[in-house]
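Single-structure report; data block below.
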Amino acid sequence: MRKTTLPKVETRLYIDGKWLEGMSGKEHEVINPATQEVIAKIAQAGETETKQAIEAAKRAFPAWRKLELAERVEILRKISSLLEEKADTLAKIMTIEQGKPLHEAKLEVLSGASTFLFAAEEARRLYGETIPAPNHHRYIVKKEPIGVVAAITPWNFPSGMATRKMAPALAAGNTLILKPSSDTPLSAIAVFEIFEEAGLPKGVANLVMGDSKVVGGVLTASDDVRKLTFTGSTAVGQKLFAQSGETLKKLSLELGGHAPFIVFDDADLDQAVEALVAAKFRNNGQVCVSPNRIFVDEKIQADFVEKLLARVKKLKIGNGLDEGVDVGPLIREDAIEKIDEQLTDAVNKGAKVLTGGGQLHGDEFDHGFFYQPTILDQVTQKMNIFYEETFGPVIPLIRFRTVEEAIEMANDCEFGLASYFFTKDVARVEEVSDALEYGMVGVNEIAISNPETPFGGVKHSGFGRENGHYGLEEYLQVKFINLKYRD
Ligand code: NAP
């Protein structure tokens with residue numbers, strides 16, 4: 001079996017500007033999903049360490065908040081340039097712990113650099129307001145940081161999900177504690193090494209890895225933590241929502257998705273197929289905005305399927321470190337089981353597998369969690385895959401006859417994160433984008449995540465927005481001052 005060399009990276013907690021061992025004797029093993037090798041053993045925080053991190057963030061808050069704006073902006077810019085400079089190394093770390101192809105990992109690190117740059121620029125534009133007031137009065141509205149922010153992030157974008165929380169939180173003048181996923185802590189650690197190098201003052205950003213229930217329990221129970229920002233599954237988001245009730249934290253919850261992708265009869269089919277394959281197989285379908293239900297007008301179904309099959313068969317699956325690989329492994333063994341279950345249920349209820357349909361075996365595939373790119377035809381609302389989030393390389397095809405039917409089925413979903421449709425009809429663009437119950441709509445386009453634009457969902461996909469000036473607002477609170485300057 002081939003042996004992977006992990007670039008040099010810390011494995012300890014980062015609290016109050018120091019790298020710490022954490023709970024004695026406790027370590028967590030990080031596995032390379034392409035080979036199942038143990039690539040690192042990570043220090044673990046318990047209650048004590050998590051409380052230390054909260055205390056450190058609390059102590060650091062007054063000075064960070066009052067730091068001269070130009071200095072805060074300069075540190076954020078420095079972080080952005082270091083992310084750019086070290087993108088190749090950070091990408092390699094990410095591919096080894098998470099599995100995605102190197103070129104995707106690098107784009108993710110670079111998008112983190114853009115996020116920090118955007119946040120640095122936006123920090124200069126945290127405008128307040130004055131409101132017309134009675135004579136001898138000023139009504140002043142100020143935007144202030146909230147205080148200590150806790151951020152909990154998933155494994156599918158182990159760098160990007162952390163940077164898109166930390167950049168705006170810091171730009172707004174908050175201090176923070178990050179708890180990354182136990183599956184992929186190394187990418188977050190690498191970002192903290194950059195924080196240190198960029199001169200972020202001690203205690204401003206703290207990093208704790210550990211048992212999520214313990215760490216999450218301490219973070220949500222603490223009255224000193226005034227905001228929780230979470231990206232992950234809807235089930236865990238619901239728990240954290242309930243746990244945060246007691247301390248009435250401000251919350252942002254970026255949860256699951258089950259994106260519809262509608263191809264109307266007038267769409268450019270080549271464009272739609274390219275877009276679908278790019279969006280679906282990015283990170284092997286382990287993406288909250290991945291197209292998960294593909295609605296195709298029955299008039300163009302045959303042509304569309306032919307083009308799609310030809311395109312999917314060209315995909316190269318393999319270890320993300322290897323040249324030319326389009327799709328890496330899944331994150332864990334249980335991800336394979338979950339997809340198998342969805343496929344079995346669908347096939348038992350009448351769906352047809354057009355290609356793929358199971359785990360990949362042979363040679364180096366046997367050492368990792370590889371799955372065949374799969375196309376499933378004749379999917380209906382009777383099947384679990386229609387309603388459950390699919391986190392893998394499966395394209396379920398559903399036919400429709402009318403625009404109304406497509407919209408009705410697309411909205412028949414508890415989630416409301418991303419949606420996509422392809423058409424050339426301007427009136428249809430307007431009507432369908434109005435009718436879709438989703439936080440984001442891509443029209444003839446799949447790029448819906450940018451540093452400047454609001455990212456987030458409705459319904460069971462949560463609430464709050466990341467990116468853009470909306471993203472910064474999530475880390476600010478409003479103060480009203482009524483100033484009487486003369487009797
Ligand atoms: P997850 O199981 O919900 O875990 C997410 C994070 O929550 C991890 O850091 C995990 O830590 C932690 N966690 C788990 N149970 C916890 C608890 N009881 N208390 C506190 N923290 C807890 O999700 P995932 O499998 O990592 O990520 C996939 C999910 O994220 C999908 O549903 C996907 O759609 C969603 N997602 C949403 C967005 C968005 O922007 N809307 C973006 C990316 C992903 P441990 O790993 O240590 O258990």
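First listed ligand is number 1; within each ligand, the first listed atom is number 1. This one's a predicted model, so the numbers in the text were calculated from it and none came from an experiment. All values below come from the heavy atoms of this structure, side chains included, with hydrogens, waters and symmetry mates left out.
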Would you please say whether a donor-acceptor pair under 3.5 Å links the side chains of Arg164 and Thr231? no
Looking at residues at least two apart in the chain, or sitting in another chain, which of them share a salt bridge (Lys or Arg N to Asp or Glu O under 4.0 Å) with Glu474? Lys227
Arg293 charged N/C atom sitting above Phe386 aromatic ring, 6.0 Å / 45°: yes
At a 4.0 angstrom heavy-atom cut-off, what protein residues surround ligand 1? Ile152, Thr153, Pro154, Trp155, Asn156, Met161, Lys179, Pro180, Ser181, Ser182, Ser212, Lys213, Gly216, Phe230, Thr231, Gly232, Ser233, Val236, Leu240, Glu254, Leu255, Gly256, Gly257, Cys288, Glu389, Phe391, Leu417, Phe455
Closest contact, heavy atoms only, Gln286 versus Trp155: OE1-CH2, 3.3 Å
For Tyr371, check ring pair (Phe, Tyr, Trp, His ring centres under 6.0 Å) against everything at least two apart and list the hits. none
Applying salt bridge (Lys or Arg N to Asp or Glu O under 4.0 Å), can you list everything that pairs with Glu414, at least two apart in sequence or on another chain? none
